[in-house]
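One structure below.
Every number for a ligand or one of its atoms is a count from 1 in the order of the listing.
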Amino acid sequence: MPRLSTSILRHARHQHPLLPLLLRACHDLDSARNELRWLRKHALKTGDSKSSAPTWQQRFHRLCLERAKGVPLQYILGTQPFGDLEILCKPGVLIPRPETESITTYLASLISSAFTLKLSQRAKGIDESQWVADQKPLRILDLCTGTGCIPLLMHAILSPRIQNLRIAGADISPTSVSLANENLKHNIKGGSLQEKANEQLSFYHADVFSDDHCAGRANHTVWDILVSNPPYISPSAFNKTTSRSVRNYEPKEALVPPQNLLETGEESIRSTDTGDTFYPRLLHIAQQVHAKVLLMEVADIAQATRVVELVLGTRRWEACQIWRDWSGARKEKRKRKRKRKREVILINGSITRVMGEGNGRAVLVWRDGGGKMLGLSERCR
Ligand SMILES: C[S@@+](CC[C@H](N)C(=O)[O-])C[C@H]1O[C@@H](n2cnc3c(N)ncnc32)[C@H](O)[C@@H]1O
């Protein structure tokens with residue numbers, strides 16, 4: 001982060017004596033002002049009635065000092081918005097990112113639109129409520145669930161339309177599983193999730209790399225849709241590209257996959273320093289649980305390309321797409337600017353469509369009717 005000029009610091013101090021502290025953690029004065037407001041509100045509402053307890057002003061000062069040290073705002077305030085949900089955040093569990101919110105919302109919107117279309121076509125002439133009741137459950141599994149943000153948002157978006165849902169999230173960290181369960185209760189209590197989420201959503205402890213992993217644990221050996229935002233940052237990128245706040249305060253094991261081959265020589269170090277460890281395993285699990293759709297979050301377009309190469313190598317998937325950060329954005333823009341060209345890239349001789357705006361963020365693959373589930377029809381060519 002660039003050093004702050006004396007004039008900006010003076011200007012900030014003039015506005016509020018604690019603002020210079022927040023400028024150390026924020027990129028600009030506007031963000032620092034917003035954070036000042038939120039921290040003040042938080043200090044006011046988290047008081048203790050005991051006479052020996054610190055006053056709200058003392059608490060406010062302490063919170064600003066913590067933030068100046070780089071403690072993420074979400075760990076201080078204890079929450080992060082994710083769609084219409086309020087996700088509780090705690091040290092030891094990764095804070096949900098807006099890019100994950102964007103791809104989750106886009107996936108859920110595709111499923112929801114395709115379901116509505118199918119409903120309107122099939123239900124013509126028959127009793128719609130009977131058709132809905134006869135539907136098999138839609139089963140969605142999220143591996144590496146963290147706070148549970150992905151399954152929770154999928155349920156919030158899908159449950160008003162799709163009655164019969166089974167959604168689960170799994171994580172290796174017991175702290176994550178317990179926080180995901182807290183998030184389920186918190187959002188039902190706050191009215192952002194329907195009561196039925198209690199029966200339709202569950203979280204459990206599992207290691208993706210153990211054979212005793214996901215399928216049986218939530219009483220389903222088959223999952224229609226598999227989603228995962230796994231640890232995907234290489235050790236060198238973790239040291240070079242992540243912010244001080246991420247490195248010092250967020251759990252490294254949520255971001256960097258285990259580097260099993262590190263001690264076997266220099267060549268292995270180079271080949272494992274990619275952050276790609278989870279993807280072959282996710283493709284293998286998708287096979288085991290007969291998933292028709294698999295969405296994997298990635299770091300950038302280079303990693304997306306490597307993941308598509310892996311997918312093509314399995315010869316088990318009908319089609320794949322790469323999604324950028326704001327996956328729904330291109331569709332919206334296209335409505336305004338009809339002539340826009342489709343973005344495609346050639347990977348190992350196969351044309352792969354790239355959706356949305358921003359950085360490469362996810363790889364979507366499907367087969368066996370998975371395309372219909374999402375209202376998508378293209379094939380790998
Ligand atoms: C990048 S975070 C994603 C968290 C959450 N899904 C989100 O999008 O905010 C990765 C998560 O994977 C979990 N994890 C790491 N290794 C794992 C493993 N072997 N099996 C299952 N979960 C794992 C971490 O505990 C962490 O919660």
Side-chain angles (χ1 to χ4, degrees), residues 72 74-75 79-83 85-108 140-155 167-184 187 201 203-215 217-218 225-235 237-238 241-242 246-247 249-260 275-286 288-289 294-300 303 307 323 325 327 361-362:
Q74 294 85 342
Y75 287 157
T79 57
Q80 164 70 21
F82 198 77
L85 306 179
E86 183 178 74
I87 298 295
L88 304 173
C89 299
K90 279 187 185 160
V93 183
L94 194 89
I95 298 161
R97 303 299 203 261
E99 294 82 2
T100 307
E101 176 187 329
S102 165
I103 58 167
T104 307
T105 306
Y106 188 49
L107 177 66
I140 304 172
L141 175 63
D142 173 43
L143 295 175
C144 303
T145 204
T147 54
C149 55
I150 296 176
L152 292 161
L153 186 56
M154 296 286 286
H155 194 276
I167 307 185
D171 202 287
I172 197 170
S173 144
T175 319
S176 288
V177 177
S178 123
L179 184 60
N181 277 316
E182 269 185 61
N183 271 315
L184 172 61
N187 281 282
L201 234 170
F203 294 101
Y204 62 97
H205 178 249
D207 177 357
V208 161
F209 290 100
S210 146
D211 276 331
D212 167 36
H213 63 82
C214 38
R217 297 288 304 274
I225 298 177
L226 197 65
V227 186
S228 184
N229 174 14
Y232 57 61
I233 303 181
S234 70
F238 179 78
T241 63
T242 57
V246 170
R247 279 196 306 281
Y249 294 98
E250 295 206 63
K252 188 174 177 186
E253 55 286 4
L255 295 162
V256 181
Q259 303 290 301
N260 298 330
D276 295 352
T277 317
F278 276 73
Y279 300 109
R281 183 69 186 163
L282 292 173
L283 284 164
H284 177 73
I285 294 173
Q288 285 183 320
V289 302
L294 168 62
L295 181 72
M296 296 167 278
E297 187 167 324
V298 295
D300 52 26
Q303 190 166 48
V307 172
W323 288 2
D325 285 335
S327 337
R361 185 55 57 200

TODO: Pull out every atom of ligand 1 sitting under 4.0 Å from any heavy atom of Phe209, numbered as shown with elements.
DONE: 19 (N)

Open item on the list: Checking a contact table here: which protein heavy atom is nearest atom 23 (C) of ligand 1, and how many Å away?
Closed with: Ile172 CG2, 3.4 Å

Task: Closest approach of any protein heavy atom to atom 20 (N) of ligand 1, naming residue and atom - done: Val208 N, 2.9 Å

Open item on the list: Using the side chain to side chain donor-acceptor pair (under 3.5 Å) criterion, which residues pair with Tyr232? Sequence neighbours excluded.
Closed with: Glu297, Arg361

- [ ] Assess the side chains of Asn187 and Glu86: does a donor N or O sit below 3.5 Å from an acceptor N or O?
- [x] no

Task: Ligand-residue contact atoms, ligand 1 with Leu94, heavy atoms, under 4.0 Å - done: 1 (C), 2 (S)

Open item on the list: Taking side chain to side chain donor-acceptor pair (under 3.5 Å) as the definition, give me every residue that meets it alongside Glu99, ordered by chain and number, with sequence neighbours left out.
Closed with: none

Task: Minimum-distance protein heavy atom relative to atom 12 (O) of ligand 1 - done: Cys144 CB, 3.1 Å

Task: Option with minimal heavy-atom separation from atom 19 (N) of ligand 1, where the choices are Thr145, Ile233, Asp207 - done: Asp207

- [ ] Answer with side chain, backbone, both or neither: which part of Pro230 has a heavy atom less than 4.0 angstrom from an atom of ligand 1?
- [x] backbone

Task: Partner of Leu179 under side-chain contact (heavy atoms from CB on, under 4.5 Å), chosen from Asp171, Val93, Leu184, Thr145 - done: Val93

Open item on the list: Any non-hydrogen side-chain atom of Leu107 less than 4.5 Å from a side-chain atom of Thr105?
Closed with: no

Open item on the list: Is it the case that the side chain of Thr104 and the backbone of Thr100 share a donor-acceptor pair, with hydrogens and angles ignored and the cut-off at 3.5 Å?
Closed with: yes

Open item on the list: Any non-hydrogen side-chain atom of Pro151 less than 4.5 Å from a side-chain atom of Ile140?
Closed with: no

Task: Options Cys149, Gly146, Gly148, Ser210, ranked by nearest heavy atom to atom 9 (O) of ligand 1, top entry - done: Cys149

Open item on the list: If we count only N and O atoms by modelled type, under 3.5 Å, do the side chains of Ser178 and Asn181 hold a donor and an acceptor together?
Closed with: no

- [ ] Give the contacting part of Thr100 toward ligand 1: side chain, backbone, both or neither, where contact means a heavy-atom distance below 4.0 Å.
- [x] side chain

Task: Heavy-atom closest contact (Leu94 atom, Pro251 atom, distance) - done: N-CG, 3.8 Å

Open item on the list: To check your reading of the model: name the closest protein heavy atom to atom 8 (O) of ligand 1, its residue, and the distance in Å.
Closed with: Asn229 ND2, 2.8 Å

Task: Atoms in ligand 1 flagged as close to Pro96, the criterion being non-hydrogen separation under 4.0 Å - done: 9 (O)

Task: Distance from atom 25 (O) of ligand 1 to nearest protein heavy atom, with residue and atom - done: Asp171 OD1, 2.7 Å

- [ ] Select one of side chain, backbone, both or neither to describe which atoms of Glu253 lie under 4.0 Å from any atom of ligand 1, heavy atoms only.
- [x] backbone

TODO: Give the residue and atom name of whichever protein heavy atom lies nearest to atom 16 (N) of ligand 1, and the separation in Å to one decimal.
DONE: Phe278 CZ, 3.5 Å

Task: Residue, atom name and distance, where the atom is the protein heavy atom closest to atom 1 (C) of ligand 1 - done: Ala254 O, 3.0 Å

- [ ] Search all heavy atoms of Leu88 against all heavy atoms of Thr147 and return the closest pair with its distance.
- [x] O-CG2, 3.8 Å

Task: Residue-ligand contact Ala206/ligand 1, heavy atom below 4.0 Å - done: yes

